[in-house]
Amino acid sequence: MVLNSEKEVRCPLFGLIMEKDNQKIYDVAIVGGGPAGMSAAIYTGRAHLDTCLIEALSTGGQMFNTSTIENYPGFQTVNGPELSSKMEAQVRHWGIEPVYGEIVNLGQGKEQFTLTDSVGNEWHARTVIAATGSKPRKLEIPGETELTGSGVSYCATCDGAFFKGKEVVVVGGGDSAIEESLYLARIVKQVTVVHRRDSLRATMDLQKRAFAEPNIKFIWDASVEAILGDMTVDGLRVRNIKDESVSVVPAAGVFIYIGNIPNTEFLQGLAALDETGYVIAGEDTVTNVPGLFAAGDIRTKGLRQIVTALGDGAVAAMAAERYLASLGL
Ligand code: NAP
């Protein structure tokens with residue numbers, strides 16, 4: 001490591017590069033503790049890069065909210081919280097303690113970035129791996145916000161048990177909607193999947209299992225217009241988009257799985273984003289900003305899976321290491 005003599009000193013105790021005001025400058029800041037961020041941390045930890053891993057809520061990201069994972073090699077099935085905690089333990093094993101903060105701004109200075117969280121804490125780093133994933137898309141219909149937490153949910157693993165023996169609706173037709181319907185079918189009395197088309201987007205294996213499950217029924221070509229209920233959900237108003245007929249579907253809970261929105265607000269104005277908000281970066285995770293890498297679900301990519309996010313994390317970590325070497329650091 002060389003010093004920028006104007007602004008930096010080497011900490012006598014630990015040999016770390018600090019700004020003269022004792023502001024530490026990390027080699028790598030990883031934003032997001034999902035699969036991509038944790039994979040990156042394992043690689044930067046093993047490479048002895050001074051790393052901070054900043055997570056907004058809890059490590060695991062969307063993986064944490066997944067009931068059953070069946071396509072993670074080495075495990076026939078594993079649940080999301082278990083896999084998340086195993087990955088976090090591995091991150092800690094390499095000396096990286098996740099810290100908590102919601103990064104709201106990323107500023108770029110000369111050969112360093114400043115990351116600021118929602119309460120004004122700052123971190124400084126030579127490189128940044130953005131791995132903030134995505135959040136559930138909302139239906140944005142009457143009743144959704146008002147009844148969130150009172151019957152409206154975006155996480156079957158978290159909330160499914162509240163609906164034991166009751167009727168619930170799952171909205172959506174992708175892998176998440178069908179996978180979580182299968183999970184809920186084991187707990188609740190009846191799952192009704194409401195989908196806007198007459199065929200599912202989910203993989204064929206999931207489709208076959210859902211069609212064979214007596215506890216799951218489907219309402220096709222239907223758009224949900226409102227979620228009904230005063231204090232808690234008691235049903236949904238649904239419109240058939242072919243014949244325009246309107247009906248009320250009774251339900252004590254509604255699980256919404258209609259895709260995701262990338263968590264890239266903190267990159268706006270700095271990184272190039274596509275029209276849907278994903279960071280424009282290829283398989284090399286390199287963005288338009290030197291020293292900034294994008295890994296996992298937040299980047300433009302064809303397949304968003306835990307295994308592809310893990311691969312991105314590894315690639316981004318190595319890219320960051322090469323970038324630091326190119327700076328002579
Ligand atoms: P997704 O694949 O984008 O599917 C979203 C579903 O919601 C689609 O069926 C879509 O309908 C419907 N939808 C979208 N907007 C809607 C709206 N405004 N109103 C009503 N319905 C709407 O999302 P996902 O299922 O969350 O999956 C996200 C990614 O994670 C995918 O790449 C998926 O393969 C992956 N994933 C993988 C696994 C696994 O491998 N085990 C599990 C979960 C997720 P249309 O079909 O008509 O577009």
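In this chain, numbering begins with 1 at the start of the sequence shown. Note that ligands are numbered from 1 as they come in the structure, with each ligand's atoms numbered from 1 the same way.
Between the side chains of Asp205 and Thr203, no donor-acceptor pair is found at a separation under 3.5 Å. Defined by atom type and a distance below 3.5 Å, a donor-acceptor pair is present between the side-chain atoms of Thr59 and Glu88.
Salt bridge annotation for Arg299-Asp312: present, with a cationic side-chain nitrogen under 4.0 angstrom from a carboxylate oxygen. Ion pair Glu111/Arg126 not flagged as a salt bridge, since none of the NZ, NE, NH1 or NH2 atoms sits closer than 4.0 Å to an Asp/Glu carboxylate oxygen. A salt bridge between Arg239 and Glu244 is present, with a side-chain N of the basic residue lying under 4.0 Å from a carboxylate O of the acidic one.
Checking only distances, Arg137 never comes within under 3.5 Å of ligand 1, N or O to N or O. The shortest N or O to N or O distance between Ala177 and ligand 1 is not under 3.5 Å.
The side chain of Leu139, and not its backbone, has at least one atom closer than 4.0 Å to an atom of ligand 1 (non-hydrogen atoms only; side chain from C-beta on). At a heavy-atom distance under 4.0 Å, only side-chain atoms of Gln305, from C-beta outward, approach ligand 1.
Counting only non-hydrogen atoms, the option in Ser176, Gly174, Gly172, Ala202 that gets closest to atom 27 (O) of ligand 1 is Ser176. Ranked by closest heavy atom to atom 21 (N) of ligand 1, the top entry among Asn260, Thr66, Ile258 is Ile258. Nearest to atom 33 (C) of ligand 1 by heavy-atom distance, out of Asp175, Leu206, Ile69, Val194, is Asp175.
Look at Glu140 and you'll find every heavy atom at least 4.0 Å from all atoms of ligand 1.
Of all the atoms in ligand 1, the ones that sit under 4.0 Å from a non-hydrogen atom of Arg304 are 30 (O), 32 (O), 35 (C). Which parts of ligand 1 touch Glu179 is read off a 4.0 Å heavy-atom cut-off, strictly below it: atoms 39 (C), 41 (N), 42 (C). Remark: ligand 1 atoms within the under-4.0 Å shell around heavy atoms of Arg197 are 45 (P), 46 (O), 47 (O).
The salt bridge (charged side-chain N to carboxylate O under 4.0 Å, His left out) pairs that include a residue from residues 318-329 number zero, where partners must be two or more places apart or lie in different chains.
Atom 9 (O) of ligand 1 has its closest protein heavy atom at Gly173 N, 3.0 Å.
For the pair Arg137 and Tyr257, the NZ or CZ position fails the cation-pi test of under 6.0 Å to the six-membered ring centre and within 45 degrees of the ring normal.
Using cut-offs of 30° and 60° for the angle between ring planes, the Trp220 and Phe218 rings count as parallel.
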